[in-house]
Amino acid sequence: MLSARNRELLGLLPSALLVTAGFAAIFIQAQNNSPRASTNVTLNHASNLSLTYGAIFLALCLAAHMVIRTSLPHADPYLFPLAAVLASVGIVMIYRINPVLARQQAQWMVVGLALFAGTILALRRRGAGVLERYRYTIAAVAIAMTVLPRLPGIGRQVNGAYLEIHLAGITFQPSELAKIAIVVFLASYLRDNRQLLVTAGRRVLGLTIPPMKQFGPMLIVWGAAMATLLLTRELGTSLMFYGAFLALLYVATGRLSFPLIGLVLFALGALFVSGHVSHVHARVLAWEHPFDRALYERAGGGSYQLAQSLFAQADGGLLGTGFDQSLLRLPHQHGSILPVPESDTIYAVFVNELGLAGAVGLLLTYLLLVARGLKTAALARDSFSKLLCTGLAFVLAMQVFVIVGGVTRVIPLTGVTLPLVAYGGSSVVMNFVLLALLLVVSDRARRPYESAARRR
């Protein structure tokens, strides 16, 4: 039977093969579209370049694997290979859309893997529990980071929301860091106060109302984070945080009444915001009436992006139109048929080219990644690690739900990126940090008790 690390090493091969096959398909298609294409030249060119890109991708993954092998020998063997598969799909799809953006994405992936390795090396001995000591500092940093896009000079508005900051030629989305920091704070605070939240609360109409002495500080920090996110109009991340908050509250207390109350409050808040915030109201109208002609033709804030995404997915059918076959731009025109295909609507491009079958495969990969995160939470030996892994896994799941749900018209469309697949440097970097935290906890959870005692 293969060891955990050898299974991880074997699991990295499919991602390298996906990169090689994907780039080969792109290069062959590009050469075939050229009127002077030569078959032999086409095949040789495609083979050399695709094998080179595949080898580079595999080398990066092997470097990260060696860090895991030497530092976390007992960690989950499937978390990193699943993330590598998603990253390989993203690199290939972005290159098919825009080669320049794909090269930038590859650079950010290198940065992400460097921070991935740094996180593992920093926490391998003391574990993720050391983060508990700095929970209020981490929460304060998270709130400050979410406000930065609103500051003049460094912040910038994108599609009605304040998402990014620009410093020294680098663009970054602070909310990606904030999502991990808020989960760390919630996991730490709930670990200390969950018993009091259950036993010291009062029962009103069959529902447990927690004591404000224990519940108040958490609500203040969480509410401050929500307020700043609403200030920046980054509603997709707000929804992500709120879902993680309710999930952690339920896991920590075991009381269904807490998330039920939270859902009612969310419904009331959503109703108020949708009627009083113009940016949100426009998104809700586009969601309700995507094919309304007036909304479809409205410049900025209309339903064009959502409607085009739905058209693209419908055109894909069961098996898709074929890789590199979706029409993103009309000939001899500069207008985009599918706005922001490398980021907001990359899922629609994926469905159009690979069909429902490809979409199911992509979502199953995410499902497996989230499941391994939740299994790590179930195996964790301390309450903080259990809550931390639950929160991180749920944030990842909520991020996928928010963007896929928006593109498929289950919920209003927001600007959240598809983790590890869509273009976005800050998203790629922080998702690799998230993955590193899961692996650190996994190593301690799966380590034999004798080994754990010696390590301490």
Side-chain angles (χ1 to χ4, degrees), residues 2-15 58 60-88 109-132 176-177 179-181 183-184 187-188 244 365-397 399 419-420 427-448 451-452 455-456:
L2 291 176
S3 66
R5 300 281 63 81
N6 288 336
R7 274 180 281 160
E8 180 180 80
L9 181 61
L10 187 63
L12 294 175
L13 295 179
S15 60
L58 182 59
L60 290 172
C61 291
L62 288 177
H65 165 75
M66 291 307 299
V67 174
I68 301 172
R69 180 179 283 271
T70 56
S71 303
L72 307 175
H74 304 286
D76 188 291
Y78 304 111
L79 280 169
F80 185 62
L82 287 169
V85 168
L86 293 171
S88 67
M109 181 180 170
V110 173
V111 175
L113 288 173
L115 287 179
F116 170 85
T119 303
I120 290 176
L121 294 174
L123 300 177
R124 62 175 176 170
R125 295 193 179 278
R126 294 182 294 175
V130 70
L131 299 174
E132 283 191 277
E176 293 292 337
L177 172 61
K179 73 181 182 184
I180 297 179
V183 169
V184 171
S188 175
T365 305
Y366 279 117
L367 184 62
L368 288 172
L369 184 59
V370 172
R372 299 309 298 186
L374 292 176
K375 183 175 182 179
T376 299
L379 294 175
R381 297 173 183 175
D382 63 274
S383 299
F384 172 73
S385 295
K386 285 182 180 291
L387 292 171
L388 177 65
C389 290
T390 300
L392 294 177
F394 203 84
V395 160
L396 187 65
Q399 191 168 348
L420 297 171
S427 177
V428 170
V429 170
M430 297 317 301
N431 279 314
F432 272 115
V433 173
L434 183 153
L435 182 66
L437 291 174
L438 290 176
L439 285 168
V440 169
V441 175
S442 174
D443 177 67
R444 289 183 165 253
R446 296 164 61 91
R447 187 186 304 167
S451 175
R455 228 34 205 265
R456 286 195 293 268

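Please read all numbers here as calculations on a predicted model, not as lab measurements.
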### Message
Any side-chain to backbone donor/acceptor pair from R444 onto H74? Under 3.5 Å, distance only.
### Response
no
### Query
Which pair of heavy atoms, one from A4 and one from A75, lies closest together, and at what distance?
CB-O, 4.2 Å
#### Entry: Non-hydrogen side-chain atoms of I68 and F80 separated by less than 4.5 Å
yes
### Query
Heavy atoms, side chains only, cut-off 4.5 Å: are L437 and L123 in contact?
yes
### Query
What heavy-atom pair brings A64 and F116 nearest, and what distance separates the two atoms?
CB-CE2, 4.0 Å
### Query
Quick one: does L379's side chain get under 4.5 Å of R446's, heavy atoms only?
yes
### Query
Between atom CG of L177 and atom CG of L434, what is the distance when rounded to the nearest 0.5 Å?
11.5 Å
### Query
In Å and rounded to the nearest 0.5 Å, what is the CG to CG distance from L435 to N431?
8.5 Å
### Query
Atom OG1 in T119, atom CZ in F432: separation rounded to 0.5 Å?
12.0 Å
### Message
Strictly by side chain to side chain donor-acceptor pair (under 3.5 Å), give each pair with a member in residues 365-375 just once, sequence neighbours left out.
### Response
D76-R372
### Query
Roughly how far, to the nearest 0.5 Å, is the OG atom of S427 from the NZ atom of K179?
5.0 Å
#### Entry: Nearest-0.5 Å distance that lies between atom CG in D443 and atom CD1 in I120
9.5 Å
### Message
Would you say CZ of R7 has more than 12 non-hydrogen atoms from neighbouring residues, nucleotides or ligands within 6.0 angstrom?
### Response
yes
### Summary
Rounded to the nearest 0.5 angstrom, the CG-CZ distance for L72 and R5 is 7.5 Å
### Task
Ignoring hydrogens and angles, tell me if any N or O in the side chain of S71 forms a donor-acceptor pair with the backbone of V67 under 3.5 Å.
yes
### Query
Backbone N or O of R381 within a donor-acceptor pair of the K386 side chain at under 3.5 Å?
no
### Query
At their closest point, which heavy atom of S88 faces which heavy atom of S15, and how far apart are they?
CB-O, 3.5 Å
### For the student: nearest non-hydrogen atoms of T376 and C389, plus distance
CG2-SG, 3.7 Å
### Atom of L388, atom of V183 and distance for their closest heavy-atom approach
O-CG1, 3.9 Å
### Task
Please name the pair of heavy atoms, one in G127 and one in V440, separated by the smallest distance, quoted to 0.1 Å.
CA-CG1, 4.0 Å
### Query
Between M66 and L9, is any pair of side-chain heavy atoms under 4.5 Å apart?
no
